[in-house]
Each structure stands twice: as C-alpha cells, then as structure tokens.
Amino acid sequence: MKIKFLGALLVAALTVASVAKAQTRTPLLTERSQNQRARIHEGVRTGTLTHSETKTLSKRELKLRKDIAKAKADGYVSPKENRKLLRKQGRLNRAIIRKKTNSRNQY
C-alpha cells in the first residue's frame, strides 16, 4: 500500500515539475538572444562595431538577458511578458543592424 502511495506521489511531483518547466520554455527568446550575442561578437571581430557601440549593445543585451531571467523566475512567462521581451529583442536587433552598417569602423 505504501509503495503504491509513494509511486503516485512521485508521479504527481514529476508532473508538476514538468508543467512548471514547460511554462518557462521560451525557445524563440533564447535562440534570438544567442544570435544577437553572436552578431555583436562578429561585429567586433570584423571591425564594423566601434568600442563604444559594442559597449552600448552589450549593456542592452545584458539587460535583456536579465529581464528574461526575471520573467522566468516565477516559473511562468505570461503572454504579455513574452510580447514585451520579444519587442525588446526586436529593438535590440534593429540597433545592432544600425550600428553595424553605419559609416564608423574600428581602427
């Protein structure tokens, strides 16, 4: 009897844990964040980003990563939080494009 009870308790705990983890999965946010980080590093490597541009973009990207972690901290990323984070990522994406394609180069 105790074994059945403990087995049912274990299954319930695993179900709750997997549901909580599933609600914080944000593959689009994670993938875009990684791509943006790579694009910033690529801009530094090729010289299309100056030191100050890199510093500004890195700070914005770090702030975005902290916002994503903060949204995931409660175990659930609401649709409103997700839209807000995607909007921030879009703005950062446009900033990276603008700064990489302006006439300033690293010497």
Side-chain angles (χ1 to χ4, degrees):
M1 185 68 175
K2 287 183 180 181
I3 293 175
K4 287 182 181 179
F5 177 72
L6 290 175
L9 185 63
L10 179 63
V11 169
L14 290 174
T15 304
V16 169
S18 67
V19 169
K21 185 173 176 107
Q23 293 174 341
T24 61
R25 288 190 182 157
T26 52
L28 184 60
L29 289 171
T30 305
E31 184 180 345
R32 285 181 75 181
S33 184
Q34 291 170 349
N35 290 343
Q36 287 174 343
R37 241 179 289 154
R39 288 176 45 225
I40 291 170
H41 291 298
E42 187 264 337
V44 171
R45 188 177 49 79
T46 60
T48 56
L49 288 173
T50 65
H51 177 71
S52 62
E53 290 171 338
T54 304
K55 188 176 176 181
T56 303
L57 291 173
S58 294
K59 281 184 181 179
R60 287 180 66 180
E61 202 274 327
L62 179 64
K63 172 83 167 89
L64 178 63
R65 278 191 283 152
K66 286 182 179 180
D67 289 344
I68 291 171
K70 189 176 179 182
K72 289 181 176 183
D74 64 352
Y76 177 73
V77 179
S78 71
K80 184 178 179 180
E81 288 174 323
N82 198 27
R83 280 192 309 271
K84 181 181 172 185
L85 294 170
L86 286 172
R87 192 168 41 247
K88 280 186 174 186
Q89 276 190 329
R91 289 180 184 146
L92 179 58
N93 184 44
R94 288 187 295 279
I96 293 169
I97 291 169
R98 278 194 309 271
K99 291 191 184 293
K100 281 182 71 174
T101 58
N102 63 12
S103 61
R104 297 183 192 124
N105 288 323
Q106 183 178 12
Y107 295 107

* To do: Indicate, with yes or no, if Ile97 and Leu92 share a hydrophobic cluster defined by side-chain heavy-atom contacts under 4.5 Å among Ile, Leu, Val, Met, Phe, Trp and Tyr.
  => no

* Heavy-atom closest pair, residues Glu61 and Ser33 -> OE2-OG, 3.1 Å

* Structure fact -> Tightest non-hydrogen contact, residues Ile68 and Gln89, listed as CD1-NE2, 4.2 Å

* Indicate the atoms forming the closest heavy-atom contact of Leu64 with Leu85, along with that distance. => CD1-O, 4.0 Å

* To do: Could you tell me whether the side chain of Gln36 reaches within less than 4.5 Å of the side chain of Leu57, counting heavy atoms only?
  => no

* **Thr26 OG1 to Glu81 CD distance, which is reported to the nearest 0.5 Å** => 10.5 Å

* Asked: Can you name the closest pair of heavy atoms from Ala95 and Arg60 and give their distance?
  -> CB-NH1, 3.3 Å

* Structure fact -> When every non-hydrogen atom of Ile96 is compared with those of Ile40, the smallest separation belongs to CD1-CG1, 3.9 Å

* To do: Report yes if some heavy atom in the side chain of Lys84 is under 4.5 Å from a heavy atom in the side chain of Asp67; otherwise report no.
  => no

* Going from NE2 on His51 to CD on Glu53, what distance comes out if it is rounded to the nearest 0.5 angstrom? -> 11.5 Å

* Structure fact -> In this structure, CD of Gln34 is separated from CG of Leu29 (nearest 0.5 Å) by 11.0 Å

* Asn93: which of Lys88, Arg32, Arg98, Arg39 passes side-chain hydrogen bond (donor to acceptor under 3.5 Å, both in side chains) -> Arg39

* Taking all non-hydrogen atoms of both residues into account, name the closest pair between Thr48 and Lys100 and its distance. => CB-O, 3.7 Å

